[in-house]
Amino acid sequence: MSLYGVVGYPIKHSMSPQMFEAAFYEYNMDDEYRLFQIAPEELENFIKKDVNDIPIKGLSVTIPHKEKIIPFLDSIDKHAAAIGAVNTVHNVNGKLKGYNTDWIGATRAMEFVGKDCEGKFVVILGAGGAAAAVAYGCVQSGARVAILNRTLERAQALADKLGCQADTLSNIFKYPAHVLIQTTSVGMYPNINASLVDPDYFKKGMIVMDIVYNPIETKLVREAKRAECRIVPGYKMLLYQGEKQFEIWFGKKPRTEKMEEALLTSLNN
Ligand SMILES: NC(=O)c1ccc[n+]([C@@H]2O[C@H](COP(=O)([O-])OP(=O)(O)OC[C@H]3O[C@@H](n4cnc5c(N)ncnc54)[C@H](OP(=O)(O)O)[C@@H]3O)[C@@H](O)[C@H]2O)c1
């Protein structure tokens with residue numbers, strides 16, 4: 001039996017355990033996936049000491065540790081370096097390597113409504129850690145990207161790094177998108193009646209993904225549906241970033257449909 005888990009703070013609402021337990025069950029694996037609630041000031045000791053003492057073979061990394069964890073690892077892959085965030089750690093013989101699978105999760109989620117974002121104009125709302133991964137994935141797919149954020153400086157810094165445009169949220173009507181991806185926490189439970197987008201912005205056929213998955217249908221998604229936009233469910237990004245984590249840790253694909261069933265059951269409860 002080997003131990004895996006998710007490290008974050010707070011962590012008790014994470015749906016990753018249900019998702020990975022379903023994947024382990026399908027392969028008859030006796031590995032365990034646990035929650036590790038680690039405060040920011042405890043992170044260095046946890047990563048540099050506890051992970052090998054316990055030992056933990058693989059970690060999912062979530063808010064607020066995705067950037068702060070980097071100096072405590074032995075190496076990170078080129079995608080995590082370009083994004084500036086790690087959401088996956090693999091412990092190979094005591095050496096900890098960091099990866100980012102959020103960008104792969106976002107890219108695969110977009111395939112729900114077509115192939116990918118190649119040649120499309122993508123507008124991303126937000127410029128935090130999730131936006132960095134989503135924007136990186138879109139740029140890798142060959143999209144043109146505009147990053148709109150409440151704080152312009154943060155949008156500009158990310159846009160400069162990835163070769164995108166930057167602006168404030170209030171200028172959204174200047175950017176008619178083929179694809180709109182909402183990456184801020186606005187609309188997340190319990191503030192479920194909040195949305196950053198004026199419904200007049202949505203046009204029939206526009207592809208819209210809100211990466212907030214609690215609730216499954218945010219106010220933004222409801223309004224986009226009313227305008228006959230094509231919706232990519234935000235939970236798909238969580239699902240596919242987890243699928244890629246499984247591949248990194250075990251060198252094989254999970255039964256992703258079983259992970260999805262478990263995730264949807266948790267989300268609906
Ligand atoms: N579906 C998935 O797999 C997945 C994966 C990762 C994250 N997420 C979700 O994505 C969200 C963001 O995560 P993160 O890691 O990027 O967080 P983060 O690094 O803290 O960034 C937060 C972003 O939200 C913006 N924001 C926050 N409150 C706002 C408000 N009231 N009005 C306008 N903008 C606001 C911030 O703008 P400023 O820069 O102006 O502060 C910033 O751009 C969270 O809800 C997280 O659960 C989902």
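Remember, it's 1-based here, ligands and their atoms both numbered in the order they're listed.
Close N/O approach between Thr184 and ligand 1 is not found [any backbone or side-chain N/O within under 3.5 Å]. Of the polar atoms of Leu196, none of the N or O atoms is found under 3.5 Å from an N or O of ligand 1, judged by distance alone. Looking at Arg150 next to ligand 1, an N or O pair under 3.5 Å apart turns up.
Using 4.0 Å as the threshold, Gln241 has no heavy atom nearer than that to any atom of ligand 1. At least one heavy atom of Ala127 sits under 4.0 Å from some atom of ligand 1.
In terms of protein heavy atoms, atom 14 (P) of ligand 1 is closest to Ala130 N, 3.8 Å. Scanning the protein heavy atoms around atom 46 (C) of ligand 1, the nearest turns out to be Ile63 CD1, 4.2 Å. The protein atom (non-hydrogen) at minimum distance from atom 40 (O) of ligand 1 is Thr151 OG1, 2.5 Å. The single protein non-hydrogen atom nearest to atom 37 (O) of ligand 1 is Asn149 OD1, 3.3 Å, given as residue, atom name and distance.
Between the side chains of Asn87 and Tyr99, not a single donor N or O lies within less than 3.5 Å of an accepting N or O. Side chains of Tyr33 and Ser60: a donor on one and an acceptor on the other come within 3.5 Å. No hydrogens or angles considered: nothing links the side chains of Ser16 and Gln18 as a donor-acceptor pair under 3.5 Å.
When Arg154, Glu153, Gln182, Met188 are checked for heavy-atom proximity to atom 45 (O) of ligand 1, Met188 turns out nearest. Across the listed options Val212, Leu238, Ile211, Ile211 owns the non-hydrogen atom lying nearest to atom 48 (C) of ligand 1.
Aromatic ring centres of His79 and Tyr136: separated by under 6.0 Å. If you look at Trp103 and Tyr240, their ring centroids are not closer than 6.0 Å.
Using a 30° and 60° split on the angle between ring planes, Tyr4 and Phe250 fall in the tilted class, from 30° to 60°.
A salt bridge (Lys or Arg N to Asp or Glu O under 4.0 Å) with Glu26 is found for one member of Lys253, Lys252, Arg255 and no other, namely Arg255.
Protein heavy atoms are absent from the space less than 4.0 angstrom from atom 20 (O) of ligand 1. Inside a 4.0 Å radius of atom 11 (C) of ligand 1 there is at least one protein heavy atom.
Using a 4.0 Å cut-off between heavy atoms, Thr183 contacts ligand 1 through its backbone alone, with no side-chain atom that close. Neither the backbone nor the side chain of Tyr235 comes within contact range of ligand 1; no heavy atom lies under 4.0 Å.
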Note to self: Using side-chain contact (heavy atoms from CB on, under 4.5 Å), reason through Met237 and Arg108 one step at a time and then give a plain yes or no.
What the structure shows: CA-CA 7 Å; Met237 175 174 165; Arg108 280 225 53 199; over 6 Å; no

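For ligand 1, the atoms sitting less than 4.0 Å from at least one non-hydrogen atom of Gly126 are 43 (O), numbered in the order shown with element in parentheses. Listed by number with element, the atoms of ligand 1 under 4.0 Å from a non-hydrogen atom of Gly234 are 1 (N).
Within a 6.0 Å sphere centred on OH of Tyr25, other residues, nucleotides and ligands contribute 12 heavy atoms or fewer.
Using a 4.5 Å heavy-atom threshold, the side chains of Phe112 and Ile231 count as separate.
By the rule that hydrophobic residues join a cluster once side-chain heavy atoms approach within less than 4.5 Å of another member, Val232 and Met259 end up as members of separate clusters.
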